[in-house]
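Order of the sequence lines sets the chain letters (A, B, ...), proteins ahead of strands, with each chain counted from 1.
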There are 2 protein chains.
Amino acid sequence: MKTGEKTATLADVAHLAGVSQQTVSRVVNTQGQVSARTRARVMDAVGQLNYVPNRLAQGLARQRSQSIGFATNDISLHAPSQLTSGIERAARESGFSLIVSIVPGYGLASVTQAVRALKERQVDGVLINASLSSKDAAEVSRRFADVPSVFLDVPPDSPVNAALLDQYHGAALAARHLLELGHTRIACVHGPQNAVAEHSRLQGWGDVLKDRSLALVAQQEGDWSPASGYAAAVALLASGIPFTAVLVGNDQMAVGVLRALWERGLNVPGDVSVIGYDDTAESALLIPPLTTIRQDFPTLGQKAFHHLKALLDGPEPTRVTLTRPGLVVRASTARPRLGQRLQWQEALQVVQQHLWNRGTEEQGGE
Amino acid sequence: MKTGEKTATLADVAHLAGVSQQTVSRVVNTQGQVSARTRARVMDAVGQLNYVPNRLAQGLARQRSQSIGFATNDISLHAPSQLTSGIERAARESGFSLIVSIVPGYGLASVTQAVRALKERQVDGVLINASLSSKDAAEVSRRFADVPSVFLDVPPDSPVNAALLDQYHGAALAARHLLELGHTRIACVHGPQNAVAEHSRLQGWGDVLKDRSLALVAQQEGDWSPASGYAAAVALLASGIPFTAVLVGNDQMAVGVLRALWERGLNVPGDVSVIGYDDTAESALLIPPLTTIRQDFPTLGQKAFHHLKALLDGPEPTRVTLTRPGLVVRASTARPRLGQRLQWQEALQVVQQHLWNRGTEEQGGE
DNA sequence: CATTCCTATGTTAGCCTTAACAATATGGGG
DNA sequence: CCCCATATTGTTAAGGCTAACATAGGAATG
C-alpha cells in the first residue's frame with residue numbers, strides 16, 4: 001500500500017478513544033467483555049479515523065492468516081474458472097481470502113513452485129487443482145506437511161486429502177449410454193494424456209467397452225479447445241476407420257467435433273452420435289443439443305473448501321470424497337443407422353456452404 | 001498455517017549457520033555484501049531447515065506486501081476468467097501475488113466491500129473489474145485513495161485510472177458491418193443494462209444506425225448466458241417484428257440466438273445475420289461460424305497490471321487507456337435476402353427434430 | 001464489613017522481518 | 001605502523017496486532 005496520509009492503526013484509535021489498544025482490539029473483533037459506553041467511544045473513533053485492520057499484522061500475531069491458496073492450472077479454462085468461483089464464495093463466507101497461484105505447466109516441479117509461493121504467504125491451507133500422480137501428490141503433501149492441502153485432480157486412490165469428481169464412473173456412464181443405444185464402433189477424442197482425470201476417463205470408456213468385448217476403434221488427442229476437437233475429428237474422419245459414435249473429453253472439444261462432422265455432411269445423431277463431458281452452459285443450446293456428462297464444478301469447489309476447513313479446525317484422517325457426475329441425455333446421441341444417410345442432407349450442406357461463402361467473401365478476412 | 005514441526009524462521013537459520021539474522025536476510029534477498037563463504041553456509045542452513053520466508057512479516061516490515069487485489073464480478077464468466085489469467089501471469093512475473101475478491105452484486109456498496117477486504121490484506125494496489133458509473137468509480141478511488149487502483153469496467157471518461165476496451169467503437173464496428181451488408185431492420189440482444197460496458201455498446205450500435213437515420217427495430221435483454229440469449233431471441237421472434245440481423249452482446253448469448261433461429265427454421269445468415277461479441281474459443285467452430293468482435297482479455301489484464309505497477313513505482317497523472325477491438329468476419333453474417341426462404345429447409349427441420357426426439361426418448365431425463 | 005468473584009480494562013511480550021545504524025575486519029597508502 | 005576506505009557482519013528498534021497475564025472496581029455472599 002502506498003503512503004497517503006498514513007493509515008490509522010489500533011494505536012491511533014486507542015489514543016483518540018482514550019483507551020488501550022487491547023480494548024480497541026476487543027471491540028473490533030467483538031470478543032471479550034467491553035462496556036457499552038466504551039464500545040461506543042471506540043466505534044466512534046474507528047469511524048472518524050476510517051480504521052481498517054491490518055490483516056498482515058493480525059496474521060503474524062495470530063499465527064493464522066485467514067487466507068487459503070488455490071494452485072491451479074490455466075484458470076481461463078472451464079473447470080478451473082468454475083472451481084474458483086465456488087471456492088472463493090465458500091471462502092469468503094467463512095471469512096477467508098483467496099490467493100490464486102497459477103501452476104505453469106505440468107508436473108511436480110511446477111506444483112511445488114506454486115504451492116511454495118502460497119506457503120510464503122502463510123496461507124492456512126491450499127487447494128490444488130493440478131494433475132498429479134498418486135505418488136507426486138503424496139510428495140507434495142509430505143513436502144508441505146505443515147500446510148493442510150486438498151487435491152482436486154489426482155487419482156482416487158491417492159494417499160492424500162482430495163475432493164474429486166468420479167471421472168471413471170462418469171466416463172463409464174457415457175460409454176454405457178452409447179452401448180445401450182446399440183453402438184459398437186465407437187471412437188474417442190480425449191484431452192491431454194498428462195491430465196490425470198483424463199486417464200481415468202479413458203479407463204472408464206475402455207473398461208465398459210471391454211465388458212462387451214469391444215474396444216475404441218480410434219482415438220485422437222486434443223488440448224480441450226474447440227479447435228483441437230475439430231482437428232481431432234478431422235483426423236478421425238481422414239483415417240477412414242468407420243465409427244458411429246464419438247466420446248469426447250469435454251464439451252468445448254465437442255463443439256469442434258460437431259462442426260467437423262457437419263462439414264463432412266454427416267448428421268448428428270443420424271450418422272454419428274456425439275457425447276461430451278462437463279455440461280457447459282452452451283451445451284444445451286448447441287445444434288444439436290449435446291448429450292453430455294454433467295459436472296458441477298462450483299459445488300465441487302465448495303466441498304473442497306469445506307474439506308480443507310475441516311482439516312484446519314481439527315486434524316482428521318486423510319480421506320478422499322468422490323462425487324458422481326450424471327448423464328444428461330440430449331439430442332446428439334441416438335441409435336446408430338449406418339448407411340442410411342438421407343440424400344437431400346448432402347444437398348443442403350452444399351447450398352448452405354454456398355450461402356456462407358457468399359456472406360464471407362463480401363468482407364475481407366479478420 | 002498449522003503447526004507441524006514448526007516452520008523455520010530467519011532466527012533458526014541464523015542460529016544454525018552461526019551468523020546474525022540480518023546476514024541471513026541479506027543472503028535470502030540477494031542484496032548487500034556477503035562473503036561467498038558466509039553465503040554458502042547460510043544457503044546450506046536454509047536448505048537443511050527448508051526455510052521459507054514469511055511474506056506477512058516481510059510485508060509488515062517493508063510496508064509493502066508485494067500483492068495486488070483483483071475485485072471482480074462473477075469470475076466464472078468468460079471475461080473475468082480470461083482477465084484473471086492475464087493478470088495473474090503478469091503479476092507473478094513481477095513477483096506479486098494475486099488476491100481475488102468477488103464483488104457480490106452490482107453497485108458502489110458491493111465494490112466498496114470487496115475493495116475494503118483487499119485493503120485489509122494490505123494489497124499494494126487493486127484492479128477493479130466491476131461496472132461502476134463514472135461518479136461511483138471516482139468515489140471508490142477517493143475512498144481508497146491510499147491504495148492505487150485501476151478500473152476495468154467504467155465509462156471511458158471516468159476521472160480514474162483505467163484500462164478499457166473500446167466498447168463503443170467495437171459495437172460501432174459490428175453495426176457498421178451489418179449496414180454495409182445492406183441490413184436496415186436490425187434487432188439486438190444486449191447484456192444487463194447495469195453493465196457499463198453494455199451501455200457503451202448499446203450507444204455504439206444506436207449511433208451508427210442513427211447516422212443512417214435508422215434505429216434498432218427491437219431489443220431484448222439477456223444475462224450473458226446462452227439460455228438467456230435463446231430466450232431473448234424467442235421473444236424477438238414472438239414479437240412479430242421483422243428483422244434481418246441481430247446484434248448480440250456476447251458470443252455465449254449468440255449461441256442461444258443461433259439455436260432459437262434454427263428451431264424456427266430460419267437460416268443464418270440466409271434469413272437472419274447474427275453478430276456476436278468477444279470471439280470466444282468456440283465462436284469460430286459454431287454452426288455457422290460466428291462473425292464477432294474480438295476482445296483480448298488476457299492482454300487487457302496484463303496491460304491493466306502494468307498500468308497499476310507504474311502507479312506503484314511512481315505516481316503518474318491519472319489516465320485511461322482504450323484498446324480497440326477488431327471485427328472478425330465469419331459466416332453468420334451476409335446480405336439480407338428477405339422473403340426468399342427455401343421451402344425444403346423447413347422440411348429438414350421437421351425431419352431432424354424428429355430424429356432428435358427419437359434419440360431423446362430412449363433414455364430418461366438427467 | 002471482609003471476602004470472593006466477576007467484569008472491564010490495561011500491560012507486557014512476542015509473531016518474523018527489515019531499516020538504519022554500529023561495529024569489526026581487511027587492505028593499501030603514506 | 002597508523003589511518004582511512006571498503007567490505008562484511010552485527011545490534012536495535014520498529015512494523016501492527018494478539019495472547020496471556022495483571023489489575024482495578026463493583027456486586028454478591030456470608
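Phosphate proximity of D:dT9 to B:Ser20: absent, as no side-chain N or O sits under 4.0 Å from OP1 or OP2. Of the side-chain N and O atoms in A:Asn29, one or more sit less than 4.0 angstrom from OP1 or OP2 of D:dT18. Under 4.0 angstrom from either OP1 or OP2 of C:dA22 there lies no side-chain N or O belonging to B:Gln22. Residue B:Ser35 has a polar side-chain atom (N or O) positioned under 4.0 Å from OP1 or OP2 of D:dT9. For A:Gln58 and D:dT18, the shortest distance from a side-chain N or O to OP1 or OP2 is below 4.0 Å. Note on A:Thr23: every side-chain N or O is 4.0 Å or more away from OP1 and OP2 of C:dA8. Residue B:Thr9 has no polar side-chain atom (N or O) positioned under 4.0 Å from OP1 or OP2 of C:dC15.
In this structure, CD of B:Gln66 is placed 14 Å from C1' of C:dT17, rounded to the nearest angstrom. Rounded to whole Å, the distance from CD on A:Glu120 to P on C:dC16 is 15 Å. Between B:Arg55 atom CZ and D:dG15 atom C1' there is a gap of 17 Å when expressed in whole angstrom units. The distance from atom CG of B:Leu56 to atom C1' of C:dC15 is 10 Å, rounded to the nearest whole Å. If you measure from atom CD of A:Gln122 to atom P of D:dC17, you get 18 Å, rounded to the nearest angstrom. Rounded to whole angstrom, the span from the CD atom of A:Gln33 across to the C1' atom of D:dG25 amounts to 15 Å. One atom, CZ of B:Arg64, and another, C1' of D:dA14, lie 19 Å apart when rounded to the nearest Å. For B:Arg41 and D:dT8, the CZ to P distance is 14 Å, given to the nearest whole Å.
Note on A:Glu120 versus A:Arg116: salt bridge recorded, some NZ/NE/NH1/NH2 to OD/OE distance being below 4.0 Å.
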List the steps, then state whether side chain to side chain contact (heavy atoms under 4.5 Å, CB included) holds for A:Val126 with A:Ile68.
-> CA-CA 6 Å; A:Val126 285; A:Ile68 61 158; over 6 Å; no
Evaluate the criterion side chain to side chain contact (heavy atoms under 4.5 Å, CB included) for residue pair A:Arg64 and A:Leu312; output intermediate values, then yes/no.
-> CA-CA 10 Å; A:Arg64 229 168 180 270; A:Leu312 259 47; 3.6 Å; yes
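In this structure, B:Ile75 and B:Ser81 approach most closely via the heavy-atom pair O-CB, 3.4 Å.
Where B:Arg39 and A:Gln31 meet DNA chain D, the nucleotide closest to each residue was compared, and B:Arg39 sits on the side nearer the 5' end.
The side chain of B:Ala61 has C:dT17 as its nearest neighbour among C:dT9, C:dA8, C:dT17. Of the candidates D:dG16, C:dC16, D:dT9, D:dG16 carries the atom nearest the B:Gln63 side chain, counting heavy atoms from C-beta on. Picking from C:dT17, C:dC15, D:dT18 the nucleotide with the shortest atom distance to the side chain of B:Gln21 gives C:dT17. Nearest to the side chain of B:Leu60, among C:dT7, C:dT17, D:dG15, sits D:dG15.
For D:dG10, its base sits under 3.5 Å from the side chain of B:Arg26 at one donor and acceptor pair at least.
Contact annotation: the side chain of B:His78 never approaches that of B:Trp224 to less than 4.5 Å [non-hydrogen atoms, C-beta and beyond].
When each of B:Thr84, B:Asp153, B:Asn129 is paired with B:Thr72, the side chain to side chain donor-acceptor pair (under 3.5 Å) condition holds for B:Asn129 and for no other.
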